Amino acid sequence: MLAASASLLNVKVVILDVGDHAPAKQIVAPLGPELAHVDGSFADPEKIRELASKVDVLTVEIEHVDATTLEEVRAASQGKQLAVHPSPSTIQIIQDKYRQKQHLASHGLPVSDFVAVESSIESISSVAEKLGLPLMLKSRTMAYDGRGNFVLRDIQQAQQAIDFLGNRPLYAEKWVPFSKEVAVMVVRSANGEVQSYPVVETVHKNNICHLVFAPLRSRDASLSQRARSIAENAIKTFSGAGVFGVEMFLMEDDSIFINEIAPRPHNSGHYTIEACETSQYENHLRAILSLPLGSTALKVPSSVMLNLIGYSSSMDEITKTANVALSIPGASIHLYGKSECRKGRKMGHITIVAESDLQLRTRLRPLLQSLPGSTP
Ligand code: ADP
Ligand code: MG
């Protein structure tokens with residue numbers, strides 16, 4: 001989606017990913033032998049150096065990259081002025097969720113209680129005594145789509161949690177009994193100017209984002225403004241340009257905690273492609289290229305995004321839902337061209353725009369009914 005946006009601005013793109021048919025490489029034709037796409041992993045220092053040698057601006061779409069090498073190529077390029085966005089130090093803080101929480105707390109941003117924990121029954125038991133049960137145990141690194149989280153409901157499960165989370169470093173969070181999950185995309189220019197998108201409601205299923213409704217509806221008219229300023233203030237504390245996704249918990253009393261931040265275009269911002277004046281992808285490009293930022297305003301009254309998540313190794317269920325979307329006014333289908341479908345893997349999404357929430361719900365219903373396991 002970033003590559004598609006770049007092509008509309010005549011921005012030439014070189015991609016580092018595994019294989020010749022990686023999704024972004026299907027969008028951008030290689031720019032000849034000198035500027036060919038790179039085949040390899042974003043965690044491989046050699047490949048990162050190869051990519052860096054071909055570009056003027058380097059950006060990432062995932063935080064689980066080798067940030068040390070990113071910093072090395074940035075520092076080594078002083079003469080040539082290679083820009084790396086967001087800055088490697090920002091990625092370093094964010095990719096360790098415990099460091100990220102410490103960073104947010106030290107800047108006075110609202111986060112719920114969290115503590116470091118060892119991978120031992122004794123350490124987990126003492127933290128559970130302090131923060132109570134249920135307790136959210138999280139892997140500090142390499143976590144996404146809930147795969148680094150374990151909900152400890154009973155202290156007897158401590159060994160099971162250690163086995164599930166493997167030998168990754170851990171920390172624990174107090175359980176947050178939120179009423180809703182909300183998110184705000186924020187775009188930050190290289191000189192530190194920030195602009196936020198509207199607040200959205202995110203609905204998760206099995207720890208994976210399922211639906212995103214934009215904008216958030218609430219009784220309290222000041223809520224959206226409060227959530228947006230918390231998100232903007234959080235992003236002001238980091239360096240480097242680009243878009244950031246700020247995931248938040250909304251409590252029954254309308255107070256807000258930050259859950260976590262993504263230093264990149266984010267699933268909760270996919271709706272911006274059809275529903276906002278400038279998509280998160282175009283604004284990410286504008287930010288990292290030092291162009292003026294585009295308007296983040298909604299251009300439709302109501303929108304929703306449905307993630308298309310694999311159910312098995314077959315694409316059949318995904319195709320069925322996409323086919324239903326073909327007959328829905330205001331629906332846009334995005335299939336990512338990933339080579340393999342797997343259970344729990346994000347294979348695409350559908351965004352619906354509408355003139356009202358009522359019309360949106362009417363348009364969404366047949367899509368939800370087409371999902372496996374839904375009762376007609
Ligand atoms: P991921 O990197 O997998 O997105 P998150 O930390 O965002 O990990 O957790 C995934 C989901 O788990 C959240 O969207 C939320 O639904 C739930 N969750 C995370 N932390 C807590 C918490 N402290 N209390 C209650 N639920 C939580
Ligand atoms: Mg999350």
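Numbering of ligands and ligand atoms starts at 1, following listing order. Quick caveat: nothing in here was measured; it's all calculated off a predicted structure.
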### Task
Please name all residues satisfying salt bridge (Lys or Arg N to Asp or Glu O under 4.0 Å) with E277, sequence neighbours left out, ordered by chain then number.
none

### Message
Less than 4.5 Å apart, side chain to side chain, heavy atoms only: is that true for P198 and Y271?
### Response
yes

### Query
Which is the closest N/O/S atom of E247 when seen from the Mg ion (ligand 2)?
OE1

### Message
Within 2.8 Å of the Mg ion (ligand 2), is there any N, O or S atom belonging to E260?
### Response
yes

### Message
With a sphere of 6.0 Å drawn around CG of D163, does it hold more than 12 non-hydrogen atoms of other residues, nucleotides or ligands?
### Response
yes

Is [X] salt-bridged to [Y], going by a charged N under 4.0 Å from an acidic O?
X	Y	result
K236	E232	no
R49	E72	yes
E317	K320	no

### Task
Report all protein residues having a heavy-atom distance below 4.0 Å to some atom of ligand 1; order the list by chain, then number.
K97, M136, K138, A143, Y144, D145, G146, N149, E173, K174, W175, V176, F178, E181, H204, N207, E247, F249, N259, E260

### Task
Among E61, Q280, E63, find the residue that satisfies the side-chain hydrogen bond (donor to acceptor under 3.5 Å, both in side chains) test when tested with R264.
E63

